[in-house]
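For reference, the structure is listed below as structure tokens.
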Amino acid sequence: MHIDILTIFPEMFHGVFSQSIIKRSREKDLVTIRMIDIRDFATNKHKRVDDYQYGGGAGMVMMIEPISACIEHLQKEKTYDDIIFMTPDGELFDQQAANRHSLQNNIMILCGHYKGIDERIREHYITKEISVGDYVLSGGEVAAMAFTDAVVRLIPGVLNDETSALSDSFQDGMLSAPVYTRPSEFRGMRVPDVLLSGNDKEIENWRLQKAIERTHERRPGLMDKE
Ligand code: ADE
């Protein structure tokens, strides 16, 4: 898989993408990720990427020229399965969407800032708009990191134990069962006996039961989602 992220803050990604699972999947060449600085495509004197909005109002708007130049430059090199714009008014991102995107080859992600991006970009280039939650972030970068992390870990071969992605919360429409590690007792708090029993069938039943209870308690409605 290849992911191109268009941003005016490429440095924001360096820490997150050079640690843990994303780091390993990049090293194994299971994914290539590039951060592309939109400012490099600004042709005006001061490399400006934003301007006042027509009609007045507070907040600057990201200009069409540098973004369109950047997108068209990349499109000469690759065909993208999706050109995604991160925005709070996009489709809510969930595990099913992560699964679908993990099957794609080339993804472009555009991160917005300020008051937004010129609407003509959304109309002419963007194939999908994604929100990571009903709250407003300062820009699309943190959303793009969340999207990338959720998608990359699903690429076959990225996780050492492939079943661990399958037993993630949400993967079967349920939250995960609680997990414990040593010691078996800490200040009187004991790990449930069944987990120490060695009885695989009983452990499996217990985990399923706990996952159902937790899902009903915390996220009623999640199991009705198709
Ligand atoms: N940009 C700002 N807020 C966002 C959100 N909630 N999801 C995706 N992109 C965003």
Side-chain angles (χ1 to χ4, degrees), residues 1-17 19-22 31 33-42 48-55 57-68 70-71 74 80-104 106-155 168-171 175 218-219 221-222 225:
M1 177 185 287
H2 177 76
I3 302 177
D4 280 331
I5 300 176
L6 282 54
T7 171
I8 52 170
F9 294 116
E11 293 81 19
M12 281 179 75
F13 293 86
H14 293 159
V16 171
F17 287 176
Q19 302 283 325
S20 182
I21 287 171
I22 299 195
V31 65
I33 306 176
R34 292 187 301 192
M35 276 66 75
I36 292 143
D37 193 341
I38 296 168
R39 216 174 281 282
D40 291 343
F41 293 83
R48 275 189 73 164
V49 291
D50 63 318
D51 209 338
Y52 297 102
Q53 48 177 314
Y54 276 121
M60 307 295 274
V61 174
M62 287 177 73
M63 298 158 69
I64 189 165
E65 291 103 326
I67 297 175
S68 77
C70 183
I71 293 176
L74 294 171
Y80 291 87
D81 298 295
D82 264 317
I83 301 181
I84 299 170
F85 176 49
M86 290 296 172
T87 169
D89 48 26
E91 200 175 293
L92 265 186
F93 188 55
D94 63 9
Q95 193 64 37
Q96 276 77 35
N99 288 339
R100 283 195 302 277
H101 286 291
S102 75
L103 303 174
Q104 296 185 318
N106 292 310
I107 301 175
M108 193 191 297
I109 304 173
L110 172 61
C111 305
H113 255 274
Y114 313 117
K115 191 75 192 162
I117 62 170
D118 191 300
E119 187 66 16
R120 291 166 290 185
I121 291 284
R122 298 169 76 159
E123 289 166 3
H124 294 290
Y125 296 101
I126 299 300
T127 60
K128 180 155 275 176
E129 301 196 333
I130 290 181
S131 164
V132 293
D134 289 339
Y135 43 81
V136 178
L137 299 164
S138 313
E141 282 76 12
V142 171
M145 289 177 209
F147 172 92
T148 303
D149 186 281
V151 168
V152 166
R153 64 197 298 286
L154 296 173
I155 299 171
D168 281 346
S169 278
F170 300 110
Q171 204 52 271
L175 302 182
R218 298 184 182 195
R219 296 292 303 277
L222 189 63
K225 252 176 114 178

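Note that the coordinates shown come from a computational prediction; the quantities given were computed from them, not determined experimentally. All ligand and atom numbering here is 1-based and tracks the order in the structure.
Taking 4.5 Å as the limit, some side-chain heavy atom of I38 sits within range of a side-chain heavy atom of L110.
Heavy atoms from other residues, nucleotides or ligands lying under 6.0 Å from CZ of R48 number more than 12.
In summary, K128 and D81 do not engage in a salt bridge, as defined by a charged side-chain N under 4.0 Å from a carboxylate O.
The CE atom of M62 sits 14.5 Å away from the CD atom of Q53 when rounded to the nearest 0.5 Å.
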For ligand 1, which of its N or O atoms have a protein N or O partner closer than 3.5 Å, and how long is each gap?
| unit_1 | atom_1 | unit_2 | atom_2 | d |
| --- | --- | --- | --- | --- |
| ligand 1 | 3 (N) | L137 | N | 3.0 |
| ligand 1 | 6 (N) | G133 | O | 3.1 |
| ligand 1 | 6 (N) | Y135 | O | 2.8 |
| ligand 1 | 7 (N) | V132 | N | 3.0 |
| ligand 1 | 9 (N) | T87 | N | 3.1 |

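Side-chain contact of E141 with T7: a donor-acceptor pair under 3.5 Å is present, judged by distance alone.
Sorted by first and then second residue, the pairs that involve residues 115-149 and meet ring pair (Phe, Tyr, Trp, His ring centres under 6.0 Å), not counting sequence neighbours, are F93-F147, H101-F147.
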